[in-house]
Each structure stands twice: as C-alpha cells, then as structure tokens.
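One structure is given here, and the rest of the page talks about it.
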Amino acid sequence: MSDFFSSVADYYNYLIYIVLMVIGLYAIIAKKNLVKKIVGMNIFQTAIILFYVSIGAKRGATIPIIEHGHGEAVHGAGSQAIKAAEYINPLPHVLMLTAIVVAVATLGVALALAIRVYNRYETLEEDEILAQLREK
Amino acid sequence: MSQHYPALLVTVPLLSALLISILGWLSRRLCFPVAVAALCVALFSSVGLLFRVLNEDVVHYFLGGWAPPWGIAYRVDRLSAMVLVVVSAVALINLIATRRSVEREFPEKIGAFYTLYVLLITGLMGIVVTGDAFNLYVLLEITALTGYGLIAMGEDRAPLASLNYVYMGTIGACFYLLGVGYLYISTGSLNMADISAILPSLYGSRVVLVAFIICMVGVFLKMGFFPLHAWLPNAYTYAPSAVSSLVAPLMTKVMIYVMIRLILTVFTPTFTFSRLALNHSVVWLAVIAIFMGAVLALGARDMKRMLSYVIIAEVGYMVGGAWLGNRAGMTGAILHIANDAVMTLCVFLAVGNVVYRTGGYAFEDLKGMFRKMPYTMTGLVAGGLSMIGVPPTCGFFSKWYLISGGVQAGQYGFVAALVFSSLINAVLFFRIIEIGYYEPFGSDHGHGPAPAPMEEAPLSMVVPLLVVVVGLVVMGAYTGDIVSGIIAPMIP
C-alpha cells in the first residue's frame, strides 16, 4: 500500500494530466451541448500542455539562463562547464508556446462554427438539432 | 535555386496565401491567378525534387542553416517526393477545374476561399517534407484548421459537420502530440532520423511502445480508419463541391503517408512488425473497415455520401496493406496512395460537374445524364472502373499488389475483404450507370420526350477532368516504373 502511495507521489504530474485528459474526453463524448464539448476539447489540449511542461521541470533546477554568460566568461579558457542538471529543460516549454497558439486557434474556429450552428438552429443542444434535422 | 526546392514548396504557398488574403480586399479577380501561380511553383519544385531524389536518394534541407537535431530539417526521399508530386498536381488540377463553381457558390468570399485553399496545400506539403516530429504536429493542425474552415463554407449542415470534425480532428492531433512527447522523454530528440538512430537500444522500453500506440491512434483518427471514422462522411458530403474534391483525395492519403513514414522511418519495420504482435489485429480492423465501408456505401442515398464511404473502405485497403508486414503489401499501400488520390479526384470532379449543372448530387439528379453531360459521365465511369479495379486503369495494379501481399502473409480475410469491396464497388458504379443511362426511357416505355439537349459543364471543368482520366490510364501503364524506381528502394 505504501508502495502505491509513494508511486502516486512520484508520478503525480502524470496522474493529473491523465485525469484531465479523461475529463476532457468524457465531455467531448458524453455532453450534448456543443459548447460544453468545445470546453472538453480545450481541457484535453490543456492536459497535454501540462504533461509537456511537467517533463521539462527538474528538482532543484533554475531557469535556463546562464549567469554572466556573455563575453569572455564563456568563450575564455577559464569558463566553467555548464551542468545540465542545474537548469530546467526549456525545449518542451517552447514547444508548448506553439501548442497554446494552436489550441487558441482551434478554440476560435470551433466557437465561430458554434455561432453559425446556433444562428441556423437556434439551439446548441445536439439532440434538439438532430430532432430538427429528422423532422425535415 | 534547385537546392532550395524543399523550402520553396512551403514558403511560396504560405506567402502567397497572405498575398491572396490582401488581394481579396483590393481586387478579387487577382486571387485566382496568384493561387495558380503559387501551386505551379509548388508543382515545379516537387517535380524537380523527384528528379533530384532519383539521383541522390535523399535530399536534406536545413532551415536557417541549423543542422539537426537542433534545427528543423526537411528531408525528402523517394516516397515523400512521390507524395509531393501527387499532392501538388491534384491541388493544381482541382484549383483550375473548380474555378467556375467557386465563383458561383461564394462570389463574396473568393479571397477567403483561395487563402484557405493555398494554406491547406502549404500544410500538406509541409507534412510531407518535414523531418521533425513536432513540426509535423504544427503542420497537421494548419491543415486541419484550414480544412475546418473550407468545409464549413458548404451547404446548410456543413457548420455542424465541420464542428464534429473539429472535435475528432483535435483529439487525433493531440494524441499524436502526446505520442511525440513520450518519444521525446525516451530519446530526448524530435528529429525523425535522430529518433530512429536512438530507438533501437530502447525497443524493449514500455514508454516507446506507448508512444508508438498513441501516435498510431492519433493518425488513425485523422485518416478516418474504421471505428474512428464517424466525422468523415458528413464533413465530406456537406462541404462545397470544390472542397470535397480537394479534401477527399488529399487529407486521408497524406495521413496514410504519415503512418507509413512513422512505420518506415521513425520506428522501423523491425520494431513495428517483429517486436509488436499487433499486425494481425490491425489487419483485421482494416478488414472490418473495408466491409463496413462497402456496406454503408451501398446504403447511401446520394453520390457524395456513397463516395465518402468508399473512401473509408479505401483507407482500410491502405492501412491493411501497410500492416501486412511484407514487401508486396507495403508496395501496394504506397502505390495506392498515389492511385487513390487520382481516382478519388476523378470521381469527385465529375460529381462537382454534375452539381454545377443540376444543383444536386442525389442519385435522381443523374437521370439522363449520359445524354446531357457525356464527358462528365465518361469521367465518372472511368474513375469508377479504377475504383473497382479494372485492368487498364491504375486501381487494378495497386489492388493486385495488395491482394498478393495478403496471400503471401496468409491473411485470407484481407484478400476476401478486397474482393468483396471490389464487387460492391462494381454494384455501386453500375447502379450509377444504370440510372444515368436508362432512367429517362423507363418511365415512358420508349416513347419518351425528345432527348434532352446536351448540356455539358463548361470547358474549364471538363478538360481537367479528362486530363485526370488520362492520368488514371497513364499511371496504370507506368506502374512498373513507379514501383521499381520509387517504391522498391524505400522498403527495407
């Protein structure tokens, strides 16, 4: 049992992202309201952003900026070696800047489409829309 | 000049998309020529690249001069060069063929339409040339976002269909991104060549296994592989005809390319087929996809929906062929990417012409069509024959490779599914021929009204269609050269 708790404590970032992902997936599949589905989609994307951000982090590390890193201190013969363990990994974070932009763009497109659907059917509930479509 | 072809492929359409969106405000008449010019440059560069690749095997291009694994590298080999030529040629032909229908369907939005159109091609080209796993995700989303916009420009139900596509497409892309994340954890790299160099020591790792499966699920969702296909029929049916004939031939096929690129280059076939015991299950899924696609196509009430279900069956062909795990199956799958793109373009262009003249695409709209639009119906029949797999057309040859791959692998279920689907395709297309040829006589017992005058679609729509028809036969004739020159060296 204590094994279980310690593994939960060790991997809590992964557990949180999986929980978020499943919430998002649930909303997309089970919710009938189109905007709730969009919210679920966004939670899903955010879960993956969280996953990426958490894999770049390290215990006891700092932001990846080398202090006094310009000038001779680096290029000179006496420059101290850079220890990767002292700095967090910036690459996943930079990747997520792009993913956030993508997520915002997707959200915009999805909401614009939802507005067009609403203008057409006067509702955002999927079952009401389907009922309207079936009547014709 | 020629060493910059890989960059030109992506940057020229990207910049012209910006230019077109500005021109949309200033002078709408200039949008179309700029789009044609951009795609001509893209086609020219892809053909140039194909010839270079045939000599040099692989062309690398480092964006900004940053060498991988730090910079983003473009990597073109024979497979990607072939897909590039197919994508740019299909996009250009479709652009020219649908000019009239675009002008009529949304005269107000010409600027927006061509901007999205060219951006979509930018994304597809980028997906094919990129050698970076994360870059591929970004381009995937560019393609998808423009695709959502284009599909939503269609008829009444299009926004709803497009919104459902948004949900599924986003989940698919996110799964792919998650898989890339797992790959990055285990290898520390995003460059495809670099990852595949590091991976062999990690084949036993469970993280790599999960990465592979998640990436595949994402790609399957994006290509509309059977249990994950729900978004596809509505999106392709309600899209404007100019968009259906662009998206249907290209999107699913480029996703198949991504799957094959992941199998061949990133994870290598040894891992995919020897380490995992998955190929039998995936081939059986493909069998179900083919059966269900064929059966649902039989139940469809209009041409576009029927063709959408045929596409789902075709996706099953290619996934199944690629996962058979032998040379013949993989050859068939790769060959079918090119062939299926051309024949899908052919049938959707023909349907687009019918829509242009009659305003509908239900089966009833086809009555008397052989008299009214003989050239368009010739195109539809030629595309249909190719989908059935009748010998002089290219559809026969890829199906032949797929079937012989299935026999070699002992997957007789797959062989049976291919034969079954060909028979169903025959039923589907002969039904169309019957309606188009005999219907007007049926009602009046032979004393019908004077034959309807010929009312063919405008020349600018018919000529590209006939070019595609010729292409079907030419590609069939040159199958041997394509296989020995391009596909065979790609398969280890």
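Not measured: the values here are computed from a predicted model.
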Atom group of [X] that falls short of 4.5 Å from chain A, counting heavy atoms:
{"X": "B:Ile171", "answer": "both"}
{"X": "B:Leu190", "answer": "side chain"}
{"X": "B:Tyr167", "answer": "both"}
{"X": "B:Val138", "answer": "side chain"}
{"X": "B:Tyr165", "answer": "neither"}

Measure distances from [X] to the heavy atoms of chain B and classify the residue's part below 4.5 Å as side chain, backbone, both or neither.
{"X": "A:Tyr14", "result": "side chain"}
{"X": "A:Leu95", "result": "both"}
{"X": "A:Thr106", "result": "both"}

| field | Stepwise side chain to side chain contact (heavy atoms under 4.5 Å, CB included) test for B:Ile185 and A:Phe51 | value | CA-CA 11 Å; B:Ile185 294 181; A:Phe51 162 73; 3.7 Å; yes
Contact between [X] and [Y] at the side-chain level, heavy atoms closer than 4.5 Å - yes or no?
{"X": "A:Glu126", "Y": "B:Asn164", "value": "yes"}
{"X": "B:Leu160", "Y": "A:Leu34", "value": "yes"}
{"X": "A:Leu91", "Y": "B:Phe134", "value": "no"}
{"X": "B:Tyr137", "Y": "A:Val102", "value": "yes"}
{"X": "A:Ile48", "Y": "B:Phe175", "value": "no"}

For the student: nearest non-hydrogen atoms of [X] and [Y], plus distance:
{"X": "A:Ala105", "Y": "B:Leu145", "result": "CB-CD1, 3.8 Å"}
{"X": "A:Ala110", "Y": "B:Leu163", "result": "O-CD1, 3.5 Å"}
{"X": "B:Gly181", "Y": "A:Ile55", "result": "O-CD1, 4.4 Å"}

| Point-to-point distance, once rounded to the nearest 0.5 Å, from OH of A:Tyr17 to CG of B:Leu178 |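 A:Tyr17 atom OH to B:Leu178 atom CG measures 4.0 Å (nearest 0.5 Å).
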| request: Measure the spacing between CE of B:Met153 and CZ of A:Arg116 and express it to the nearest 0.5 Å. | output: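 Interatomic distance, B:Met153 CE to A:Arg116 CZ, rounded to 0.5 Å: 8.5 Å.
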| query | If we ignore angles and hydrogens, is there a donor and acceptor under 3.5 Å between the side chains of A:Asn89 and B:Tyr184? | reply |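 Yes - a donor-acceptor pair under 3.5 Å links their side chains.
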